[in-house]
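Only a predicted model underlies this, so the values are computations on that prediction, with no experimental measurement involved. Below, chains carry the letters A, B, ... as their sequence lines are ordered, and counting in each starts from 1.
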2 protein chains.
Amino acid sequence: MNISAASNAAGLPVKTVRYYADIGLVAAPARSEGGYRTYDDSSVRKLVFVRRAREFGFSIEECRELLDLYEDQHRSSADVKRIASKRLEEIETKQRELQSLHDELAHLIDACKGDDRPDCPIIDGLGNRRADARGLR
Amino acid sequence: MNISAASNAAGLPVKTVRYYADIGLVAAPARSEGGYRTYDDSSVRKLVFVRRAREFGFSIEECRELLDLYEDQHRSSADVKRIASKRLEEIETKQRELQSLHDELAHLIDACKGDDRPDCPIIDGLGNRRADARGLR
DNA sequence: TCTATTGTCTCCAGTCACTGGAGAGTCAAG
DNA sequence: CTTGACTCTCCAGTGACTGGAGACAATAGA
């Protein structure tokens with residue numbers, strides 16, 4: 001399987017597959033005579049695994065860790081659960097942040113007439129609040 | 001006001017304030033004899049405005065646009081509302097994505113015993129799904 | 001007045017996870 | 001034999017900072 005076939009099967013851009021090989025996340029198992037990367041089903045499964053994990057927001061380093069566990073026949077599910085639970089907490093934090101942003105912005109938009117006059121509650125609302133809504137990045 | 005005072009007042013790191021000056025987003029209105037950036041209340045208000053807008057997820061370029069409107073006495077609130085509404089839609093999309101991630105991951109974690117055995121529904125769940133949950137980045 | 005500390009300056013490099021593009025080589029079809 | 005699609009490597013750029021080096025400025029205490 002050449003790289004574009006693997007890329008198709010995994011649902012990832014060719015560039016990304018090559019990148020994952022470069023950083024040693026999912027290596028191509030072999031090269032053809034002409035120097036083309038050659039993939040097999042097992043490496044495609046790993047690519048799919050990484051794609052899914054990335055979609056869940058796991059970082060490349062976390063993917064590496066999960067991939068080790070994925071390949072380790074003697075892994076304990078506790079290790080995986082620990083990583084996944086941490087990620088779930090991050091998701092929940094992000095959800096709360098997003099909710100308060102949503103509410104506040106929706107409120108400002110709602111208060112804005114959207115006409116041609118210079119008076120604008122959104123601008124005022126962005127400029128005037130106190131500086132305690134931190135810890136967002 | 002030196003840069004650290006402005007940084008404090010605005011709730012932004014010094015490095016970031018300097019960065020915003022470098023990219024011409026919020027310039028320091030003057031320099032002292034010794035070459036120190038000197039800020040006044042008006043520029044601090046702009047820094048606060050940018051911090052708030054960034055917290056809402058507006059990009060630097062959007063901040064630039066909003067800041068122009070913020071400074072423009074003849075702006076129409078329609079312009080601002082357009083930008084803000086676009087951003088609100090993005091937030092809502094992100095919320096929906098996050099919700100489905102949350103549900104799916106929570107489901108996997110729930111199904112995982114978290115013991116010392118190698119059987120793990122999270123690993124299986126990450127590896128096995130179809131490739132149609134795209135468009136997340 | 002000297003010194004030590006703290007603040008600030010510029011400039012360069014690194015982060016993360018890719019993405020785009022140049023220029024060259026490989027492969028299969030017609 | 002040529003064309004076009006595919007692939008290779010390498011380099012640079014993205015966004016929004018962040019960290020650090022080395023040098024200069026300002027201030028407080030002895």
Side-chain angles (χ1 to χ4, degrees), chain A residues 1-39 43-44 46-47 49-67 87 90 94 97 134-137, chain B residues 1-39 43-44 46-47 49-67 87 90 94 97 134-137:
Chain A
M1 220 189 293
N2 276 351
I3 198 167
S4 59
S7 133
N8 259 329
L12 284 169
V14 168
K15 272 271 183 189
T16 303
V17 175
R18 215 176 267 130
Y19 172 72
Y20 286 167
D22 284 354
I23 62 171
L25 184 61
V26 180
R31 293 280 179 133
S32 74
E33 267 185 47
Y36 286 14
R37 287 175 185 82
T38 301
Y39 289 85
S43 44
V44 168
K46 286 180 214 164
L47 287 171
F49 181 87
V50 170
R51 174 179 56 75
R52 290 267 301 157
R54 291 285 303 128
E55 283 169 1
F56 272 107
F58 291 99
S59 72
I60 292 288
E61 285 317 302
E62 284 169 329
C63 287
R64 215 183 281 275
E65 202 178 346
L66 285 170
L67 207 51
R87 180 66 201 140
E90 286 163 16
K94 194 76 198 167
E97 286 170 8
R134 317 309 306 290
L136 278 170
R137 38 171 140 260
Chain B
M1 221 190 296
N2 276 351
I3 198 168
S4 59
S7 135
N8 259 329
L12 285 169
V14 168
K15 274 270 182 186
T16 302
V17 175
R18 216 176 268 129
Y19 173 70
Y20 287 166
D22 284 354
I23 63 172
L25 184 61
V26 180
R31 294 279 179 132
S32 73
E33 267 185 48
Y36 286 15
R37 286 173 185 82
T38 302
Y39 289 86
S43 44
V44 167
K46 287 179 214 163
L47 287 171
F49 180 88
V50 170
R51 174 178 57 72
R52 290 267 302 158
R54 290 286 301 128
E55 285 169 0
F56 272 107
F58 291 100
S59 72
I60 292 289
E61 284 319 300
E62 284 169 329
C63 286
R64 215 184 281 273
E65 202 177 347
L66 285 169
L67 207 51
R87 179 66 201 140
E90 286 163 15
K94 193 77 199 166
E97 287 170 6
R134 318 308 306 290
L136 279 169
R137 50 167 140 257

What is the distance from [atom1] of [X] to [atom2] of [N], rounded to the nearest Å?
{"X": "A:Leu12", "N": "C:dC18", "atom1": "CG", "atom2": "C1'", "value": "11 Å"}
{"X": "B:Glu33", "N": "C:dC9", "atom1": "CD", "atom2": "C1'", "value": "16 Å"}
{"X": "A:Arg31", "N": "C:dT26", "atom1": "CZ", "atom2": "P", "value": "13 Å"}
{"X": "B:Asn2", "N": "D:dA25", "atom1": "CG", "atom2": "P", "value": "14 Å"}
{"X": "B:Ile3", "N": "C:dG7", "atom1": "CD1", "atom2": "C1'", "value": "11 Å"}

Query raised in the report: Looking at B:Ser43 and B:Val26, what are the two nearest heavy atoms and their distance?
Result: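 Heavy atoms only, the tightest pair is O-CG1, 3.9 Å.
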Query raised in the report: Nearest heavy-atom pair of A:Ser7 and A:Leu12: which atoms, and what distance?
Result: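 Smallest heavy-atom distance, with atoms named: OG-O, 2.8 Å.
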Query - With sequence neighbours excluded, residues passing ring pair (Phe, Tyr, Trp, His ring centres under 6.0 Å) with A:Phe58 - result: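 Partners of A:Phe58 under the ring pair (Phe, Tyr, Trp, His ring centres under 6.0 Å) test: none.
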Query - Qualifying residues under ring pair (Phe, Tyr, Trp, His ring centres under 6.0 Å), relative to A:Tyr19, sequence neighbours excluded - result: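 Applying ring pair (Phe, Tyr, Trp, His ring centres under 6.0 Å) to A:Tyr19 gives none.
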Considering residues at least two apart in sequence or located in another chain, which fulfil the salt bridge (Lys or Arg N to Asp or Glu O under 4.0 Å) criterion with [X]?
{"X": "B:Arg64", "value": "B:Glu61"}
{"X": "B:Arg54", "value": "none"}
{"X": "B:Glu33", "value": "none"}

[N] OP1/OP2 closer than 4.0 Å to side-chain N/O of [X]:
{"X": "A:Arg37", "N": "C:dT26", "result": "no"}
{"X": "A:Ser32", "N": "C:dT26", "result": "no"}
{"X": "A:Thr16", "N": "C:dT19", "result": "yes"}

Requested in this report: Give a yes or no on whether the backbone of B:Arg52 and the side-chain of B:Glu55 come within a donor-acceptor separation of less than 3.5 Å.
Outcome: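 Between the backbone of B:Arg52 and the side chain of B:Glu55 there is no qualifying donor-acceptor contact (under 3.5 Å).
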Requested in this report: Could you pull out all residues at least two apart from A:Ser32 that satisfy side-chain contact (heavy atoms from CB on, under 4.5 Å)?
Outcome: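 A:Tyr36, A:Thr38.
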Requested in this report: Please report how far the helix from C:dT1-D:dA30 to C:dG30-D:dC1 bends, comparing the axis fitted to its first five pairs with the axis fitted to its last five, to the nearest 10 degrees.
Outcome: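 Helix axis angle between the two ends: 10°.
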Short heteroatom pairs, N/O only, protein and nucleotides 2-5 of chain D, under 3.5 Å:
none

Requested in this report: Give me the residues of residues 17-27 of chain B where at least one heavy atom lies under 4.0 Å from an atom of DNA chain D, by number, or none.
Outcome: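 Nucleic-acid contacts, sorted: B:Tyr19, B:Tyr20.
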Requested in this report: Would you mind listing every salt bridge (charged side-chain N to carboxylate O under 4.0 Å, His left out) that reaches into residues 7-25 of chain B, with sequence neighbours excluded?
Outcome: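 Output for this query lists B:Asp22-B:Arg37.
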Query raised in the report: If each of B:Lys15 and B:Phe58 is mapped to the nucleotide of DNA chain D with the nearest heavy atom, which maps nearer the 5' terminus, i.e. the 5' end?
Result: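 Looking at DNA chain D, the more 5' nearest nucleotide goes with B:Phe58.
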Requested in this report: With sequence neighbours left out, write down each residue that passes side-chain hydrogen bond (donor to acceptor under 3.5 Å, both in side chains) with B:Glu90, or none if nothing qualifies.
Outcome: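 Counting only residues at least two positions away or on another chain, B:Glu90 forms a side-chain hydrogen bond (donor to acceptor under 3.5 Å, both in side chains) with B:Arg87.
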